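Each chain gets a letter, A, B and so on, in the order the sequences are listed, and its residues count up from 1. Quick caveat, the model's predicted, so the values are computed rather than measured.
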Number of protein chains: 2
Amino acid sequence: MSPTASPDPSEPPWLDEDELAAWMATTALIIRLPGALDAQLQADQGLTFFEYLVLAVLSEQPNRTLQMSVVAAETSSSLSRLSHVVKRLEAEGLVTRERVPGAGRRTNAVLTAAGHAKAVAAAPGHVARVRELVVDAVSAADLAALRRVSETVLARIDPGRSC
Amino acid sequence: MSPTASPDPSEPPWLDEDELAAWMATTALIIRLPGALDAQLQADQGLTFFEYLVLAVLSEQPNRTLQMSVVAAETSSSLSRLSHVVKRLEAEGLVTRERVPGAGRRTNAVLTAAGHAKAVAAAPGHVARVRELVVDAVSAADLAALRRVSETVLARIDPGRSC
DNA sequence: CGGAATAACTTGATGCATCAAGTTCTTGGG
DNA sequence: CCCAAGAACTTGATGCATCAAGTTATTCCG
């Protein structure tokens, strides 16, 4: 799996042609894909992609309840970001929060009926867009490669998650 | 246009296990990678990733000059976003703008000496991080796949670019 | 030749993300 | 016991992105 064993222990400074082309394409992807997902959800349901993610994560729980910090981990966000978003979702009646007694400041986010309905309403359009843009647009092999790459990169961004 | 009651001929509604895993990994990637790149550049040079991109694109031009809308295209951004950023970069003395006479509202962004120096100073650390997180972290085959995927997805996000 | 349409930006308002600091429980060491 | 340290959030300020609307040439065409 290790790509190279070059004589120089530190990697070469700049990127070669292929590396650069791959990186620039990736750059464009991470700039534009979030916007494309936001646009669909915003137009159809008035939701941010990140808001949708929060609702979706809660929807998957048996009791539609999950501790804030767990939701943060599941959505790859900071607790601070999540807190702000949940406050907004709470104001819209899609989520509530409840402190877990006898457990420090631990807090659960709970999806309301309206929140669940919103997630259910938003899912098909969102999934369709995800299929259209990504999942159905590339080969199964490339999709598997995308997963491998993503997981590898995430592990490097955040060392000390999966060890 | 035969009136059919058979199952929807379009793609299946939800994602299967592999698709979902790939998509969730991708989701985490597009959420966290930009922040990781920003963090390095911000800490080392006080630059946003996007600001760096603008400087880098201009650096590559023979006369360090490029029309605003071309820069926007190269950096995958809207002209509006670019305009705000260039205004900021101009205030910091890294870039100047000049109207192209006799060509409508056409405007060139020009890298100053300070801007070029900034780009040169920022490049090694940025490239090192890009290598560490992505380019050197995955196999050449996976990097090629990442490029294919990115280009495919970008083409779907923005139909009518390459035709 | 004149006025409408178009191209290429710029600007201002709004909203979301991030960072640092604050709050509130719980626990573990002296 | 009590105090200090830590865990798990929340809050407020700041800054960047986005969207809609405004500006300013230029071109098209009738």
Side-chain angles (χ1 to χ4, degrees), chain A residues 27-28 30-43 46-54 65-92 95-110 157, chain B residues 27-28 30-43 46-54 65-92 95-110 157:
Chain A
T27 279
I30 65 177
I31 291 180
R32 309 204 79 227
L33 185 50
L37 299 171
D38 274 334
Q40 181 273 317
L41 280 166
Q42 196 70 52
L47 283 176
T48 292
F49 175 51
F50 186 73
E51 290 171 338
Y52 172 79
L53 268 187
V54 171
T65 297
L66 209 55
Q67 196 186 329
M68 289 289 285
S69 51
V70 178
V71 177
E74 294 276 316
T75 56
S76 312
S77 90
S78 68
L79 203 40
S80 171
R81 178 181 186 180
L82 181 68
S83 185
H84 283 293
V85 167
V86 166
K87 190 201 280 187
R88 193 157 18 112
L89 292 174
E90 196 169 26
E92 293 171 35
V95 162
T96 57
R97 277 183 284 194
E98 50 185 33
R99 293 284 286 274
V100 180
R105 289 210 76 193
R106 227 168 271 187
T107 303
N108 286 334
V110 186
I157 289 177
Chain B
T27 279
I30 66 177
I31 292 181
R32 309 203 80 231
L33 185 50
L37 298 171
D38 274 334
Q40 181 271 318
L41 280 166
Q42 195 69 52
L47 283 177
T48 293
F49 175 50
F50 185 74
E51 290 171 338
Y52 172 79
L53 268 188
V54 172
T65 297
L66 209 56
Q67 196 187 328
M68 288 291 285
S69 50
V70 178
V71 177
E74 293 276 318
T75 57
S76 311
S77 90
S78 67
L79 204 39
S80 171
R81 177 181 187 181
L82 181 68
S83 185
H84 283 293
V85 167
V86 166
K87 189 202 278 189
R88 196 157 17 113
L89 292 174
E90 196 169 26
E92 293 172 34
V95 163
T96 57
R97 276 183 283 196
E98 51 185 34
R99 293 284 287 274
V100 179
R105 287 211 78 193
R106 226 167 270 187
T107 304
N108 286 334
V110 186
I157 289 177

When you measure only distances, ignoring hydrogens and angles, does the side chain of [X] come within 3.5 Å of the base of [N] through a donor and an acceptor?
| X | N | value |
| --- | --- | --- |
| A:His84 | D:dG12 | yes |
| B:Ser80 | C:dT10 | no |
| A:Arg105 | C:dT23 | yes |
| B:Thr107 | C:dC9 | no |

Task: OG1-CG distance between B:Thr96 and B:Leu89, expressed to the nearest 0.5 angstrom - done: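 Here the rounded value is 11.0 Å.
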Task: Euclidean distance, A:Ile30 CD1 relative to A:Thr27 OG1, rounded to 0.5 Å - done: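 Interatomic distance, A:Thr27 OG1 to A:Ile30 CD1, rounded to 0.5 Å: 5.5 Å.
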- [ ] Check every strand shown and say whether A:Gly35 touches a base, only sugar-phosphate, or nothing at a heavy-atom separation below 4.0 Å.
- [x]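 The answer is nothing, as A:Gly35 stays clear of every strand by at least 4.0 Å.
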TODO: Give A:Arg106 one of three labels, base, sugar-phosphate or nothing, depending on what nucleic acid heavy atoms sit under 4.0 Å from its own.
DONE: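 Here A:Arg106 touches the backbone only, sparing every base.
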Scan the side chains in residues 69-79 of chain B for donor-acceptor partners under 3.5 Å anywhere in the protein, sequence neighbours excluded, and list what turns up.
residue: B:Ser69; atom: OG; partner: B:Gln67; partner atom: NE2; Å: 3.1
residue: B:Thr75; atom: OG1; partner: B:Val71; partner atom: O; Å: 2.8
residue: B:Thr75; atom: OG1; partner: B:Ala72; partner atom: O; Å: 3.3
residue: B:Ser78; atom: OG; partner: B:Arg81; partner atom: N; Å: 3.0

Any side-chain N or O of [X] less than 4.0 Å from the OP1 or OP2 oxygen of [N]?
| X | N | answer |
| --- | --- | --- |
| A:Ser69 | D:dC9 | yes |
| B:Arg97 | C:dC9 | no |
| B:Lys87 | C:dT10 | no |

Nearest-Å distance, [atom1] ([X]) to [atom2] ([N])?
| X | N | atom1 | atom2 | result |
| --- | --- | --- | --- | --- |
| A:Asp38 | D:dA17 | CG | C1' | 11 Å |
| B:Leu82 | D:dC16 | CG | P | 14 Å |
| B:Glu98 | C:dC9 | CD | C1' | 15 Å |
| B:Leu66 | C:dA8 | CG | C1' | 14 Å |
| B:Glu90 | C:dC9 | CD | C1' | 13 Å |
| B:Leu79 | C:dT6 | CG | C1' | 15 Å |
| A:Leu53 | C:dC16 | CG | P | 15 Å |
| A:Leu47 | C:dG15 | CG | P | 16 Å |

TODO: Please figure out whether B:Arg88 or A:Asn108 has its closest DNA chain D nucleotide nearer the 5' end.
DONE: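 Closer to the 5' end of DNA chain D: A:Asn108.
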TODO: For the residue pair A:Arg88 and A:His84, establish whether any side-chain heavy-atom pair is separated by less than 4.5 Å.
DONE: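 No, their side chains stay 4.5 Å or more apart.
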Open item on the list: Any heavy-atom pair between the side chains of B:Leu53 and A:Ile31 that's under 4.5 Å?
Closed with: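 A side-chain contact under 4.5 Å exists here.
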Open item on the list: Here's a test of your reading of the structure: between A:Arg99 and A:Arg81, which maps to the more 5' nucleotide of DNA chain C?
Closed with: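 This one resolves to A:Arg81.
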Open item on the list: Both A:Ala103 and A:Phe50 contact DNA chain C. Taking the nearest nucleotide for each, which residue is further toward the 5' end?
Closed with: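 The residue mapped nearer the 5' terminus is A:Phe50.
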TODO: With the side chain of A:Gln67 defined as its heavy atoms from C-beta on, choose the nearest nucleotide among C:dT10, C:dC16, D:dA8.
DONE: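 In terms of side-chain proximity for A:Gln67, the closest of C:dT10, C:dC16, D:dA8 is D:dA8.
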Task: CA sep, side-chain torsions, deciding dist, call: A:Gln42, A:Thr48, side chain to side chain contact (heavy atoms under 4.5 Å, CB included) - done: CA-CA 6 Å; A:Gln42 196 70 52; A:Thr48 292; 4.2 Å; yes
